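To keep things clear, I will list the structure first and then write my remarks on it.
The structure presented is a predicted model; accordingly, all values stated were derived computationally and were not measured. Basis for what follows: all heavy atoms, side chains included, without hydrogens, waters or symmetry-related copies.
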Amino acid sequence: MGKKHQKVVVLPCSGIGKVFGALARETAYELVENVRPGLATLTCLPLLVINDPEAVALVTENPVITIDGCPKDCAKKSVEALGKVVDKAYEAIKFYKEHKDLKPEGIAEVTDTGRKLAAVAAAEVAKMVDELAAGEEK
Amino acid sequence: MMDIQVMKVGVVSCSGEEIPEGTLCRLACRKVLDERPGETVTICLPLFIAGGEEERTFAANYPTITVDGCDKLCAAKATEMLSGKPSKSLSIPEILKKRGLAPPTKLRHFGTEEEAAVKAVAEEIARAVDEVLEED
């Protein structure tokens, strides 16, 4: 058992061009607002791009989960660029592949079906949040 | 045959996942991209780090407008630092102040309450696109 954590950082894709980017964000918002408020924490991904000291400290001092919207893996790579290994990396399309009845739509924000899929995804990611907060090695 | 080049303007949005202005920024930028598909193009800001040479030369290939949601100015700074100097830099708080509109208060599920703000920001971006196209 490793060190326990009060925060687990969840970093979604920043994209505004693809539905799975929007799904990644919706999943992260669902986690921080409803499923694990207070434990799951967001920061703006672009803050890492400009090396904002507070955002960099948050990411380097806590476990990090990334949820990317496409294979370019911006969220994961932005964390790795800081020399930090991501604790768990998801690609949002995985959640759709596992729940084909919930096809997400929308680009900047997902519509109703996408919100339902995000709720399912957030419940799955929440288990990982709990394990990382408890200090369990991945 | 005459070679006609169509100039496109790059729009780089703050994604601001942590702040409501970030969502406003994404929605307004998306609106402009959808309404002006022949004249605008975008890039995901983190691709300046995560992407390859093609992504890093974005601001060299297109005159670029950055749109930021807060005074940290990630879009403007990242574009200038990693790709090239933007032609114009817009700020959501300044646009809202100028238009007398209240900042949004939620991170997601924007509706009629936020519609005016999204429209106002999109109009300012579209105006900036026109200005850049006229200059070039």
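Residue A:Leu45 touches chain B through both its backbone and its side chain, counting heavy-atom pairs closer than 4.5 Å. Contact of B:Cys44 with chain A is made through the side chain alone, with heavy-atom distances under 4.5 Å. If you measure heavy-atom distances from B:Leu33 to chain A, the contacts under 4.5 Å come from the side chain alone.
Cluster annotation: A:Val19 and A:Ile16 are assigned to distinct hydrophobic clusters (Ile/Leu/Val/Met/Phe/Trp/Tyr, side-chain heavy-atom contacts under 4.5 Å, transitive). Cluster membership check: B:Leu90 shares its hydrophobic cluster with B:Leu24, using side-chain heavy-atom separations under 4.5 Å among Ile, Leu, Val, Met, Phe, Trp and Tyr. Under the 4.5 Å side-chain contact rule for hydrophobic residues, A:Leu48 and A:Val9 share a cluster. Cluster annotation: B:Ile125 and B:Val132 are assigned to the same hydrophobic cluster (Ile/Leu/Val/Met/Phe/Trp/Tyr, side-chain heavy-atom contacts under 4.5 Å, transitive). Clustering ILVMFWY residues whenever any of their side-chain heavy atoms sit less than 4.5 angstrom apart, transitively, puts A:Val120 in the very cluster that holds A:Val110.
Residue pairs meeting the ring pair (Phe, Tyr, Trp, His ring centres under 6.0 Å) criterion with at least one member in residues 7-60 of chain B, sequence neighbours excluded: B:Phe58-B:Tyr62.
By the ring-ring contact (aromatic ring centres under 6.0 Å, His included) test, A:Phe20 pairs with no residue at all, sequence neighbours left out. Take A:Ala24 and apply the side chain to side chain contact (heavy atoms under 4.5 Å, CB included) test, not counting sequence neighbours, and it matches A:Pro12, A:Cys13, A:Ile67, A:Ala92.
Between the CD1 atom in A:Ile50 and the CD1 atom in B:Ile49 there is a gap of 10.5 Å [rounded to 0.5 Å]. Distance check, rounded to the nearest 0.5 Å: SG of A:Cys44 to CG of B:Leu45 gives 11.0 Å.
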Using a plain distance cut of 3.5 Å, could you tabulate donor-acceptor pairs between chain B and chain A?
from     : atom 1 : to       : atom 2 : distance (Å)
B:Ser15  : OG     : A:Ser14  : OG     : 2.7
B:Glu17  : O      : A:Tyr29  : OH     : 3.1
B:Glu17  : OE1    : A:Leu45  : N      : 2.9
B:Glu17  : OE2    : A:Ser14  : OG     : 2.5
B:Glu18  : OE1    : A:Thr43  : OG1    : 3.4
B:Arg26  : NH2    : A:Tyr29  : OH     : 3.1
B:Arg30  : NH1    : A:Ile16  : O      : 2.6
B:Glu55  : OE2    : A:Lys72  : NZ     : 2.6
B:Lys72  : NZ     : A:Asp52  : OD1    : 2.8
B:Lys72  : NZ     : A:Asp52  : OD2    : 3.4
B:Arg108 : NE     : A:Glu33  : OE1    : 2.9
B:Arg108 : NH1    : A:Glu26  : OE2    : 2.8
B:Arg108 : NH1    : A:Glu30  : OE1    : 3.0
B:Arg108 : NH2    : A:Glu30  : OE1    : 2.9
B:Arg108 : NH2    : A:Glu33  : OE1    : 3.2
B:His109 : N      : A:Glu109 : OE2    : 2.7
B:His109 : NE2    : A:Glu26  : OE1    : 3.4
B:His109 : NE2    : A:Glu26  : OE2    : 2.6
B:His109 : NE2    : A:Arg115 : NE     : 3.3
B:Phe110 : N      : A:Glu109 : OE1    : 3.2

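The two residues A:Leu47 and B:Cys74 make their nearest non-hydrogen contact at CD2-SG, 3.5 Å.
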